[in-house]
Amino acid sequence: MSDRLNVLKTYKLYVGGKFPRSESGRVYEVSDSKGKWLANAPLSSRKDARDAVVAARKAFGGWSGATAYNRGQVLYRVAEMLEGRRDQFTREVADAEGLSKSKAAAVVDATIDRWVWYAGWTDKIAQVVGGGNPVAGPFFNLSSPEPTGVVAIVAPQESSFLGLVSVLAPVIATGNTAIVVASENSPLPALSLAEVLATSDVPGGVVNVLSGRTAEIATPLASHQDVNAIDLAGADEVLAKELEIAAADNLKRVLRPQPVDYAETPGTERLTAFLETKTVWHPMGSLGASGSSY
């Protein structure tokens, strides 16, 4: 009996809940830490970036309008799916980051735990950053957080899975939609995460994943008029400066790159980075001359 040939996986982009090849038809080789070929990944174009923005904007209304509790349930379902594909992600992280199987498994476990951690924040962050404000006068004054909108994310270059989830999960947990520019040299965990998102309950367009040359994809996203914010986590100093200048054209909110140990338990900084605060005043009225109010 002849040896069977393995079925090689074809990695694709994830845009609007579908898996298109790059509009350009281009691919590029992805290798492991030792230079061994792993796969051909799609080489995204500017057109792919624009398509991802259209998909993210279309999905924003439904996702931001969902209850925080429902978003938490959806994100927890993603963690369930990640747990079921733990062995696959362990192999991909080991290849991408040059780790032993045991260390890669620990990274994957930490990543799943990180996703659950952010899923639990969806219906709690409003109590932390919102609430009633004491004012002088017969008014109720209430502040509540709202999502910024469409967020472009330049994913961390070295931490291809834990770092990716650490920057993506807080963006969508708070009701934003996202376009992720995957790690240029290690995009496979991000492209496989897209498959998990597609088979969970996350609506199409809430997360869009692009692979390719980071600068080539991120530049049109930074200058795009329908992108509301950009996270520069994976940009180097030179690229970050260029993207920040481009983002200033429509006053995007920019989260600058900073040294982060993704293994540490995060605070609420990334949850609040892409939230706006809406404050509402409402008259109380008063009863009689005594000034008592209701």
Side-chain angles (χ1 to χ4, degrees), residues 1-45 47-49 51-52 55 77-112 115 153 155-165 168 178-202 204-214 216-217 234:
M1 180 182 294
S2 61
D3 294 335
R4 69 179 295 272
L5 296 175
N6 293 330
V7 178
L8 296 179
K9 183 172 180 178
T10 301
Y11 288 89
K12 297 182 181 179
L13 306 177
Y14 184 54
V15 177
K18 300 179 181 179
F19 291 94
R21 290 178 170 84
S22 172
E23 170 272 338
S24 68
R26 302 176 302 170
V27 297
Y28 71 106
E29 293 187 359
V30 177
S31 303
D32 65 13
S33 58
K34 298 179 180 179
K36 178 184 176 183
W37 179 87
L38 294 173
N40 289 334
L43 191 59
S44 301
S45 67
K47 176 64 163 54
D48 294 317
D51 289 346
R77 174 62 177 162
V78 174
E80 292 177 353
M81 302 291 286
L82 288 172
E83 189 77 37
R85 297 175 67 163
R86 180 177 178 273
D87 291 344
Q88 173 196 346
F89 281 105
T90 296
R91 291 193 302 272
E92 291 187 344
V93 170
D95 289 338
E97 301 180 21
L99 301 176
S100 66
K101 184 176 179 181
S102 60
K103 289 184 178 179
V107 169
V108 172
D109 288 344
T111 303
I112 297 171
W115 196 282
I153 301 170
Q157 298 297 324
E158 304 301 327
S159 186
S160 62
F161 195 42
L162 178 57
L164 167 69
V165 166
L168 170 61
I179 301 122
V180 176
V181 182
S183 167
E184 182 171 332
N185 294 324
S186 305
L188 303 189
L191 296 175
S192 291
L193 175 63
E195 297 173 0
V196 171
L197 297 172
T199 52
S200 65
D201 299 324
V202 179
V206 170
V207 178
N208 305 274
V209 181
L210 306 175
S211 61
R213 307 305 178 204
T214 299
E216 184 178 351
I217 310 168

Margin query: When you measure from the side chain of Arg26 to the backbone of Ser44, do you find a donor-acceptor pair of N or O atoms at a distance under 3.5 Å?
Written below: yes
Notebook entry, point to check: What's the shortest heavy-atom distance between Val15 and Pro20, and which atoms?
Noted result: N-CD, 4.0 Å
Notebook entry, point to check: Looking only at heavy atoms, what is the nearest atom pair of Arg86 and Ala105, with distance?
Noted result: NH2-CB, 3.6 Å
Checklist line | Atom pair CG/OH of Leu193 and Tyr14 - distance to nearest 0.5 Å | finding: 9.5 Å
Next item on the list: Please round to the nearest 0.5 Å and tell me the distance separating atom CG of Leu168 and atom CG of Leu197.
Entry: 7.0 Å
Checklist line | Derivation and outcome, side chain to side chain contact (heavy atoms under 4.5 Å, CB included), residues Val180 and Leu164 | finding: CA-CA 9 Å; Val180 176; Leu164 167 69; 3.6 Å; yes
Margin query: How close do Pro42 and Leu13 get, counting heavy atoms only, and between which atoms?
Written below: CB-CD2, 3.5 Å
Notebook entry, point to check: Looking at CD of Glu80 and CZ of Arg77, how far apart are the two atoms once the value is rounded to the nearest 0.5 Å?
Noted result: 5.0 Å
Checklist line | Steps toward side chain to side chain contact (heavy atoms under 4.5 Å, CB included) verdict (Phe89, Val196) | finding: CA-CA 11 Å; Phe89 281 105; Val196 171; 3.8 Å; yes
Margin query: If you compare all heavy atoms of Ala182 against all heavy atoms of Ala155, which two are closest, and at what distance to 0.1 Å?
Written below: CA-CB, 4.2 Å
Next item on the list: Check for a donor-acceptor pair, side chain of Tyr28 on one end and backbone N or O of Glu184 on the other, with a separation under 3.5 Å.
Entry: yes
Next item on the list: May I ask you to decide if Ala178's main-chain N or O and Asn208's side chain share a donor-acceptor pair within less than 3.5 Å?
Entry: yes
Check: From Thr90 OG1 over to Asp95 CG, what is the distance, rounded to the nearest 0.5 angstrom?
Finding: 11.0 Å
Next item on the list: Going by the side chain to side chain contact (heavy atoms under 4.5 Å, CB included) test, name the single residue among Leu188, Thr111, Leu99 that passes it with Val93.
Entry: Leu99
Check: So, Ser160 versus Glu97: side-chain donor-acceptor pair below 3.5 Å or not?
Finding: yes
Check: To the nearest 0.5 Å, what is the distance between OG1 (Thr214) and CD (Gln157)?
Finding: 4.0 Å
Note to self: Between Val108 and Asp87, is the side chain to side chain contact (heavy atoms under 4.5 Å, CB included) condition met? List the steps.
What the structure shows: CA-CA 9 Å; Val108 172; Asp87 291 344; over 6 Å; no
Next item on the list: Show your working on side chain to side chain contact (heavy atoms under 4.5 Å, CB included) between Val30 and Ser186 and close with a plain yes or no.
Entry: CA-CA 7 Å; Val30 177; Ser186 305; 6.0 Å; no
Notebook entry, point to check: Can you find a side-chain donor-acceptor pair between Ser45 and Asp48 that sits under 3.5 Å?
Noted result: yes
Notebook entry, point to check: In this structure, which one of Arg85, Arg91, Gln88 forms a side chain to side chain donor-acceptor pair (under 3.5 Å) with Ser192?
Noted result: Gln88
Notebook entry, point to check: How long is the gap from CG on Asp201 to CE on Met81, to the nearest 0.5 Å?
Noted result: 8.5 Å
Notebook entry, point to check: Ignoring hydrogens and geometry, is there a side-chain-to-backbone donor-acceptor pair from Ser22 to Leu43 under 3.5 Å?
Noted result: yes
Item checked: Nearest non-hydrogen partners of Ala194 and Phe19, listed with the distance -> O-CZ, 3.8 Å
Notebook entry, point to check: Just wondering, are more than 12 heavy atoms of other shown residues or ligands nearer than 6.0 Å to NZ in Lys9?
Noted result: yes
